[in-house]
There are 2 protein chains.
Amino acid sequence: MATRTRRSQRRTEALSRERIVEAAVELLDTVGESGLTFRALTERLATGTGAIYWHVANKDELLGAATEAVVGAALAVEPVAPTTPAAPADSPPDEIRAVALGLFEAIDDHPWLATQLATQLSRSPWGSVTPRIFDSIGRRVRALGVPEDGWFTATSALVHYVLGAAGQNAANSRADGPPKDRAEFLDDVATAWEELDPDDYPFARAVAGQLRDHDDREQFLAGLDLVLAGITALHPPSKPTHPPHTP
Amino acid sequence: MATRTRRSQRRTEALSRERIVEAAVELLDTVGESGLTFRALTERLATGTGAIYWHVANKDELLGAATEAVVGAALAVEPVAPTTPAAPADSPPDEIRAVALGLFEAIDDHPWLATQLATQLSRSPWGSVTPRIFDSIGRRVRALGVPEDGWFTATSALVHYVLGAAGQNAANSRADGPPKDRAEFLDDVATAWEELDPDDYPFARAVAGQLRDHDDREQFLAGLDLVLAGITALHPPSKPTHPPHTP
DNA sequence: ACCTGAACACCGTTCAAGT
DNA sequence: ACCTGAACACCGTTCAAGT
């Protein structure tokens, strides 16, 4: 294929951690997780392996930095309160939908994010990416009027749904093959599910049709609304939605 | 949770795919994902690398088979309708809680499952593990009285929450270090969150206390109930869709 | 059919040596 | 301080050769 566009003669810029992370993201996007090697990196950056190790401790740290960079960019465009009082601010549910869609699209654009985020959430929640995601959603959960002892549960449910659902939608393109059309992929899966033993998998069979026809984004938002409905059901906004600022 | 120390000389049994998968699971459990190598496997099974390749195509397939085996065992103990009419059947929500707890415990016992399941759900939903999990939960969603066009959304929300939340609880033990006590781990994370910049991470800071004190299982079930509440809110069980078996 | 084990290509990481 | 690139230990996979 024509993916051999090698612009490795870019030695004008000095090597930096930023440039290394940037190249790592590009490699992950184009050749997948298995394609990110220090050798490929050195070729792309026209340098030696030792140079990379001067800026980055090891591959795990590089993967973490790549994840941070992409997630940071996705959450950076999150909606902020408008400066002009004329424009009405988004409602908390709408803001949550916007943040969730931002993460959805980031994972869609960078399928390796799904696995990487799952690893980071469980293995290194002290890093910046976990609190960043939790904060971005948790702030809006608070604005929904959820009482304090429900913050963590509600935010966890949202975060896990968002990352899990987005992860399942992405990554239909394998590293070792031509990326299939999304519709074709869904059709293959639906067909496989329809051919399962109806005694062992009655539900998968029954739902195969919905799988084939569904729209990813619509489906994602429907599930998000379901979780939001659960929050509202458990914490009905009886009072005015804005919590009083009195201590 | 018996820590079984197995001697490597067990040459009485012939090599088989089953025995290879069993050894792979043991290696994954004891030395983590990076510890599963064909060399370690050959040593443990007292054989050569070629012998393993006779029964298993490659490492990916082996990882998939290990995942299947563990998930299959976890879902095999799922509650079945009691044979004696005297014992009342569990309600659908209780059954969903039981299945979810089974997966929670499987992931807790085998932390590598979290990443592996995320990969399988997105990359190979045609395999048996995805429809198995979806079916196990989806059957009960159906029993809740959810209308057909809501089956997939409700089941997806549940599955993604369960796998995500369970995955975050597990895997606090790194492969390259002594496994920390869970309480100590949570305390470390909470401390790290408390030390974040309050302007950038107000929510993470505010919620750090809940993080330190919470009980994993209780927290997991609270989130599950939140998603269940969302299902009930969106699909109120107005009429008894399924009259229970007349006693 | 099932297994052996050397060989191959490739990978992450290190380090003495250069500027 | 920053970079080079050979060297090392290790890994997944193959395959001619054995039973």
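Below, chains carry the letters A, B, ... as their sequence lines are ordered, and counting in each starts from 1.
- Taking only distance into account, the side chain of A/Thr49 never meets the base of D/dT4 through a donor-acceptor pair shorter than 3.5 Å.
- For A/Glu61 and A/Arg17, the salt-bridge test passes: some basic side-chain N is under 4.0 Å from an acidic carboxylate O.
- Contacts of A/Leu62 with the nucleic acid, taken as non-hydrogen atoms under 4.0 Å apart, are absent.
- Pairs engaging residues 13-55 of chain A under the ring pair (Phe, Tyr, Trp, His ring centres under 6.0 Å) rule: A/Phe38-A/Tyr53 [sequence neighbours left out].
- A heavy-atom distance below 4.5 Å is not found between the side chains of B/Thr155 and A/Val207.
- With sequence neighbours excluded, no residue forms a salt bridge (Lys or Arg N to Asp or Glu O under 4.0 Å) with B/Asp200.
- For the C1' atoms, the distance linking C/dC10 with D/dA9 amounts to 13 Å, nearest Å.
- Between D/dC2 and C/dA17, the two C1' atoms lie 13 Å apart (nearest whole Å).
- Residues that satisfy the ring pair (Phe, Tyr, Trp, His ring centres under 6.0 Å) test with B/Phe104, not counting sequence neighbours, are B/Phe220.
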Could you walk me through whether B/Leu28 and B/Leu63 satisfy the side chain to side chain contact (heavy atoms under 4.5 Å, CB included) test, starting with their C-alpha distance in whole Å, then the side-chain angles of each, then the deciding distance to 0.1 Å, before giving a yes or no? CA-CA 9 Å; B/Leu28 287 165; B/Leu63 237 14; 4.0 Å; yes

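- Using a 4.0 Å cutoff on non-hydrogen atoms, the parts of residues 50-57 of chain A near DNA chain C are A/Gly50, A/Tyr53, ordered by number.
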Protein N or O to nucleotides 16-19 of chain C N or O, pairs below 3.5 Å:
none

After noting the C-alpha distance and the side-chain angles of A/Trp193 and A/Tyr201, does the key distance pass the side chain to side chain contact (heavy atoms under 4.5 Å, CB included) rule? CA-CA 8 Å; A/Trp193 282 29; A/Tyr201 304 95; over 6 Å; no

Trace of the side chain to side chain contact (heavy atoms under 4.5 Å, CB included) decision for B/Thr153 with A/Gln210: CA-CA 10 Å; B/Thr153 298; A/Gln210 299 181 39; over 6 Å; no

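- In summary, of the residues considered (B/Asp187, B/Asp108, B/Asp216, B/Asp215), a salt bridge (Lys or Arg N to Asp or Glu O under 4.0 Å) with B/Arg182 occurs for B/Asp216 alone.
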Annotated structure of DNA chain D as dot-bracket, pair cut-off 3.5 Å, Watson-Crick or G-U only, | for inter-strand, is ||.|||||...|||||.||

Checking A/Leu103 against A/Leu75 for the side chain to side chain contact (heavy atoms under 4.5 Å, CB included) test, could you report, in this order, the C-alpha distance in whole Å, the side-chain angles of both residues, the deciding distance, and whether it holds? CA-CA 7 Å; A/Leu103 287 168; A/Leu75 292 182; 4.1 Å; yes

